[in-house]
Amino acid sequence: MPAIVLIGAQWGDEGKGKATDLLGSRVDYVVKFNGGNNAGHTVVVGDKKYALHLLPSGILTPGVTPVISNGVVVDVEVLFHELEALGSRGVDVSKLLVSANAHVITHYHRTLDKVTERFLGKRQIGTTGRGIGPAYADKINRVGIRIQDLFDEGILRQKVEGALDLKNHILVKVYNRRSIEANEVVDDLLSYRERLRPMVADTSLVLNRALSEGKTVLFEGGQATMLDVDHGTYPFVTSSNATSGGAATGSGVAPNRIDRVIAVVKAYTTRVGAGPFPTELFDESGEFLRSKGFEFGTTTGRPRRTGWYDAPIARYTARINGVTDFVLTKLDVLTGLKTIPVCVAYEVDGVRVDEVPVSQTDFHHAKPIYEEFEGWSEDITGVREFDDLPAAAQRYVLALEQMSDSRISAIGVGPARDAIVTRHDLLS
């Protein structure tokens, strides 16, 4: 049985939760392998809407074992807040596993994230202020706190005191903030220890054994390709690898065990935060997409920047991730438009460029070259077969597929859980 990686194809918010839910009843494990509670996704189950931030969306599917693996940074307070919120609504959260090697977001990470962003002024990155970047920085600098450290108070205290030696100098002398007491941090983390203990496991071992036993494992990436710290629009990126390669390092499952890579892409484009965005709209068309698509951040509530579909980005995603299937979401949002522009290439300094420029400067100055497609007015939210879509919608999907270098296997036609048109089975 397969190991499947599910990633975002643009700048996030593509609807990965919906795609995970589409596969959920057919998989045994759903694994979050990167990021933290800096990105959210909304899953609609019947008449209930669930907003998830840290937890993998597979936690909503009965019978699935949800896993937070080693590549994730965990805000333990947020973890239990989400678990309690889901439990109060009747969701079984007892099967959740958390890697002993996952790093912990502490109070000082959140404080540093917020004050640093404010200090940058006009040069702000657009972080969520939830401590993700500082936690990953500590991980790379080898001064991070891991989940397993909560079970050895002596080691935990040493690590916190060592981290605060430098961080308090920065807070006090650079940012004019109060210092943070080590006891304050240690006591806070220890307060979660006993509740956390039953969840903690060697998740790499668990997942590899599951695959050897013929189980199906879905690796669910947070954020998206264009926010990947190596392959995205650096420095306007997240602090982890959100591409398919991150699934291997972020879970301890080898790359040769991965069978499929599914990328979720919107029928248009959005992003939150600063950074280049060639197809961004500043007119009534952008507002149409924002209001009709309800483009506001699940985690932050911030209005998302909106733009037309960008085919070079889709091709880039297909290449970087080894995409086998695209899931196209929010096609219904385009209903009512007379024509729908699609970016097929860019103009950079008067020269046509068909692929995403390697130079950040060129990408920042890239102007979209559009091809226009006929729109449709029919309501498609009840459609479940591709041939039942309006002819113009079919042509639009097929054109995107040809431009994007991988097949479009499923199409989201509405917010409901079952509002999906399936063209190809994602597990075969």
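- When only modelled atom types and interatomic distance are considered, Ser99 and Asn101 share no side-chain donor-acceptor pair under 3.5 Å.
- Here CG of Asp362 is found 11.5 Å from NE2 of His364. Values are rounded to the nearest 0.5 Å.
- Pairing each heavy atom of Ser404 with each of Ala318, the nearest pair is O-CB, 3.6 Å.
- Counting only distance, with no hydrogens or angles, the side chain of Thr216 and the backbone of Val27 share no donor-acceptor pair below 3.5 Å.
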For side chain to side chain contact (heavy atoms under 4.5 Å, CB included), just list the numbers for Phe219 and Leu207, CA-CA rounded to whole Å, side-chain angles, deciding distance to a tenth of an Å, and then say yes or no. CA-CA 10 Å; Phe219 298 89; Leu207 294 172; 4.3 Å; yes
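- In this structure, Lys292 NZ and Leu289 CG are separated by 9.5 Å, a value rounded to the nearest 0.5 Å.
- Identified under the ring-ring contact (aromatic ring centres under 6.0 Å, His included) test for residues 147-172, with sequence neighbours left out: none.
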Pair Asp75-Arg130, salt bridge (Lys or Arg N to Asp or Glu O under 4.0 Å): steps then yes or no: CA-CA 9 Å; Asp75 187 319; Arg130 283 161 171 77; over 6 Å; no
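- A distance-only check finds no donor-acceptor pair linking the side chain of Arg315 to the backbone of Ser406 [under 3.5 Å].
- Enclosure of atom NZ in Lys367 is not indicated, since only 12 or fewer non-hydrogen atoms of other residues, nucleotides or ligands lie within 6.0 angstrom.
- Thr106 and His109 form a side-chain donor-acceptor contact under 3.5 Å, judged by distance and modelled atom types alone.
- For the ring-ring contact (aromatic ring centres under 6.0 Å, His included) test, no residue two or more places apart in sequence or in another chain qualifies with Tyr234.
- Rounded to the nearest 0.5 angstrom, Leu96 CG and Lys32 NZ are separated by 11.5 Å.
- Residue pairs satisfying the salt bridge (Lys or Arg N to Asp or Glu O under 4.0 Å) criterion with at least one member in residues 169-181, sequence neighbours excluded, are listed as follows: Arg178-Glu184.
- Identified under the salt bridge (Lys or Arg N to Asp or Glu O under 4.0 Å) test for residues 266-282, with sequence neighbours left out: Lys266-Glu295, Glu280-Arg305.
- Neither side chain, Asn70 nor Arg146, offers a donor N or O lying under 3.5 Å from an acceptor on the other.
- Not one N or O on the side chain of Glu161 forms a donor-acceptor pair closer than 3.5 Å with the backbone of Ala182.
- Residue His424 qualifies as enclosed at atom NE2: its count of foreign heavy atoms under 6.0 Å is above 12.
- Not counting sequence neighbours, the partners of Tyr346 by the ring-ring contact (aromatic ring centres under 6.0 Å, His included) test are Phe363.
- Asp325 contributes no side-chain N or O that, together with a main-chain N or O of Arg260, makes up a donor-acceptor pair within less than 3.5 Å.
- No side-chain donor-acceptor contact under 3.5 Å links Arg304 and Thr269.
- The shortest non-hydrogen separation linking Asp113 to Ile132 is OD2-N, 3.8 Å.
- For Tyr108 (side chain) and Val185 (main-chain N/O), no donor-acceptor pair under 3.5 Å exists by modelled atom type.
- Between the OG atom of Ser88 and the CG atom of Leu83 there is a distance of 11.0 Å, given to the nearest 0.5 Å.
- Remark: side-chain polar atoms of Thr61 are not paired, donor with acceptor, to backbone N or O of Val64 under 3.5 angstrom.
- Taking CG of Leu196 as the start and CG of Leu79 as the end, the distance is 7.0 Å to the nearest 0.5 Å.
- Atom CZ of Arg195 sits in a crowded spot, with more than 12 heavy atoms from other residues, nucleotides or ligands closer than 6.0 Å.
- A donor-acceptor pair under 3.5 Å links the side-chain atoms of Thr335 to the main chain of Asp332, judged by distance alone.
- Atom OH of residue Tyr175 and atom CG of residue Leu112 lie 7.0 Å apart, to the nearest 0.5 angstrom.
- Within 6.0 Å of NE2 in His107 there are more than 12 heavy atoms belonging to other residues, nucleotides or ligands.
- No hydrogens or angles considered: a donor-acceptor pair under 3.5 Å links the side chains of Ser240 and Asn34.
- Looking at Glu220 and Lys16, no side-chain N of the basic residue comes within less than 4.0 Å of a carboxylate O on the acidic one, giving no salt bridge.
- In this structure, Ala9 and Met226 approach most closely via the heavy-atom pair O-CG, 4.4 Å.
- Checked for salt-bridge contact, Lys159 and Asp149 meet the test: a charged N lies under 4.0 Å from a carboxylate O.
- Judged by distance alone, the side chains of Ser285 and Tyr268 never bring a donor and an acceptor atom under 3.5 Å apart.
- For the pair Asn241 (side chain) and Thr243 (backbone), a donor-acceptor distance under 3.5 Å is absent.
- Gln10 and Thr225 are not linked by any side-chain donor-acceptor pair at a separation below 3.5 angstrom, with hydrogens and angles left out of the test.
- Shown here for Leu150 and Leu190, the closest heavy-atom pair between the two residues is O-CD2, 3.6 Å.
- Although no hydrogens or angles enter the test, the distance criterion places no donor-acceptor pair under 3.5 Å between the side chain of Asp28 and the main chain of Lys215.
- Look at Arg157 and Glu153 and you find a salt bridge, because one of the NZ, NE, NH1 or NH2 atoms lies within 4.0 Å of a carboxylate O, short of that distance.
- The neighbour count for Asn176 CG, taken as heavy atoms of other residues, nucleotides or ligands under 6.0 Å away, does not exceed 12.
- Between the side chain of Asn321 and the main chain of Thr317, a donor-acceptor pair closer than 3.5 Å is present.
- With sequence neighbours left out, the salt bridge (charged side-chain N to carboxylate O under 4.0 Å, His left out) criterion links Arg193 to no other residue.
- The two residues Cys343 and Pro368 come nearest to each other via the heavy atoms SG-CB, 3.8 Å.
- Between Phe277 and Gly307, the shortest heavy-atom contact is CZ-N, 3.6 Å.
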Residues Tyr29, Val206; criterion side chain to side chain contact (heavy atoms under 4.5 Å, CB included); working and verdict: CA-CA 10 Å; Tyr29 291 79; Val206 170; 3.9 Å; yes
